[in-house]
Amino acid sequence: MALKSVESESPRLVGSPDASERELLERIARSKDQAAFRTLYGSYYQRLSRLLARMSVRREDIEEVINDTFWVVWTKAGEFRGASQLSTWIIGIAYRRALNALRRAKIRPVSDEPFDEDSISVMSTDAAETDGQWLALGLTRLPVEQRMALELTYTLGHSCEEVAAILDCPVNTVKTRLFRARETLKQVLPALAGMSGEKS
Amino acid sequence: MSARIPDTHAEAWALLPWLANGRLPASDREWVEAHVAQCAECRGELDAQRKVAMQINRDTSADAAGTPGSTGTDEQRSFNKLWARIEASESAAPAMSGASGGFSSRTRTVRWLAAAVVVQGFGLALFGFNALRTNPPAGEIVTVADVPAHRLNAPAVRVVFAPEASMAAINTLLTHQGLSIVSGPGTSGNFTAELSADAVASGASADSVAAVISKDPNVTFAQPVAR
């Protein structure tokens, strides 16, 4: 039988993301629905790619971590009980897989060489571009746990409780990690230092 | 949720990232916003965090071009790899999948059997055992008898696989499109694959299948066979 859905490029979900995704997961758990699996995979591929890149996972290893994650989704779909958001479950799997792999040195982290401050274009007339370069510098100064807390909050828009579930740590630890990340960024980013330096 | 109103600077300060991203629960948002309204330092920090959020998202968009997920082709290729892995794993242990019973497990078993037939047929063609298919020694090789029968005037495509394409990937591609290899390899490495009756019944044609598989990274050439 020709499964045309498998060939569709980057199918995207519409409507309530979590409800739509849970429906897909139920189809996978109930009938090993390949089309549902492909759609769910497509809705996470870019999100996870960017998150893993931020974790210093090398580009050539990112696909392996994503596929390991979705291997778990395929085999354990029926075990998801809905205690958390589906995105929390899937991103949490990817995070732990990447972290374990990095720790075991199975995959090589991107070099943590010091950021070359001279590479920031002081001649650039685009303030946003310059700020972006400073931010890139700042992010390289953060430990991976702090970087992830920041990414999950600002890029993926998770609540504090969801970040804690993904990173598998207490809520107060998430707050502490973000507090420290903010302090570090402030030391690196001139624009930020100016903004919050004013005392009431 | 209790109506706790701490209204302390330190606690409000810690929660500012989630006020910035709009994910602070209503029970906290109320008192944090009230604190921010009368605290210049927290207002400055909130502005700063909004700026960080904006920059990270801007940076993320720019990074998109450098990540594996930047194109649908990368994503499809990656999914094909995963699917080949899943199929290889499940076909290696078909008996286990039957343990739960039910309709889905039966249909899956049929699918794995069909996939196995395709692999066997393709393997025979690949290694030049076409003679066995046309004139099999009775009862000697069971797999030969299981190769799908050549149907008269069945829609077919001519296909050349990429040199780096794995057997698992080719198997996945053929199975998904309802194709069975019936001849090849030709002098230029081409195979002829026929569409199954099921694929035709579901609306697939030689033209449509050739168009789809020609975009697959495991295929370098595909065209419908005129019959």
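Letters go in sequence order (proteins before strands), and every chain restarts at 1. Just so we're clear, the structure is a prediction, and the values are computed from it rather than from any experiment.
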**OP:** Answer yes or no: are there more than 12 heavy-atom neighbours, outside B:Glu30 itself, under 6.0 Å from its atom CD?
**Re:** no

**OP:** Tell me, with the steps shown, if A:Tyr154 and B:Gln49 meet side chain to side chain donor-acceptor pair (under 3.5 Å).
**Re:** CA-CA 9 Å; A:Tyr154 287 149; B:Gln49 290 312 306; 2.8 Å; yes

Subject >> Rounded distance (nearest 0.5 Å) linking atom CG of A:Leu150 with atom CD1 of B:Ile56 >> reply: 4.0 Å

**OP:** Could you tell me whether a side-chain N or O of B:Arg23 sits under 3.5 Å from a main-chain N or O of A:Thr153, the two making a donor and an acceptor?
**Re:** no

**OP:** Quick one: list whatever passes side-chain contact (heavy atoms from CB on, under 4.5 Å) with B:Ser214, sequence neighbours left out.
**Re:** B:Ala222

**OP:** State whether the side chain of A:Asn67 and the backbone N or O of B:Phe79 hold a donor-acceptor pair below 3.5 Å, judged by distance alone.
**Re:** no

Subject >> Interatomic distance, B:Leu16 atom CG to A:Arg182 atom CZ [nearest 0.5 angstrom] >> reply: 5.5 Å

**OP:** With a 4.5 Å heavy-atom cut-off (strictly below), which parts of residues 84-95 of chain A touch chain B? List them by number.
**Re:** none

Subject >> Side-chain heavy-atom pair B:Trp83, A:Trp74 within 4.5 angstrom cut-off >> reply: yes

Subject >> B:Asn21 side, atom CG; A:Cys160 side, atom SG - distance, nearest 0.5 Å >> reply: 10.0 Å

Original post:
Can we say A:Glu63 and B:Arg77 salt-bridge, meaning some charged N sits less than 4.0 Å from an Asp/Glu carboxylate O?
Top reply: no

Subject >> Residues which pass side-chain contact (heavy atoms from CB on, under 4.5 Å) with A:Glu23, listed by chain and number, not counting sequence neighbours >> reply: none

**OP:** Compare all side-chain heavy atoms of A:Lys175 with those of B:Trp18 and state whether any distance is below 4.5 angstrom.
**Re:** yes

Original post:
Listed by chain and number, what are the salt bridge (Lys or Arg N to Asp or Glu O under 4.0 Å) partners of B:Arg158, not counting sequence neighbours?
Top reply: none

**OP:** Taking atom CZ of A:Arg180 as the centre, report whether more than 12 heavy atoms of other residues, nucleotides or ligands fall under 6.0 Å from it.
**Re:** no

**OP:** Give the intermediate values and the outcome of side chain to side chain contact (heavy atoms under 4.5 Å, CB included) for residues B:Glu75 and A:Ile66.
**Re:** CA-CA 11 Å; B:Glu75 183 185 310; A:Ile66 292 175; over 6 Å; no

Original post:
Atom CZ of A:Phe70 and atom CZ of B:Arg85: how far apart are they, to the nearest 0.5 Å?
Top reply: 13.0 Å

**OP:** Give the intermediate values and the outcome of side chain to side chain contact (heavy atoms under 4.5 Å, CB included) for residues A:Gln34 and B:Glu87.
**Re:** CA-CA 11 Å; A:Gln34 186 192 8; B:Glu87 288 201 321; 5.7 Å; no

Subject >> Region of B:Ala20 that comes under 4.5 Å of a non-hydrogen atom in chain A >> reply: side chain

Original post:
Is A:Arg38 close to B:Leu82 at the side-chain level, that is, under 4.5 Å between some pair of heavy atoms?
Top reply: no

Original post:
Got a salt bridge between A:Glu64 and B:Lys81, using NZ or NE/NH1/NH2 to carboxylate O under 4.0 Å?
Top reply: no

Original post:
Quick one: of B:Ala53, B:Cys42, B:Ser78, B:Ala14, who has the most non-hydrogen atom pairs under 4.5 Å with chain A?
Top reply: B:Ser78

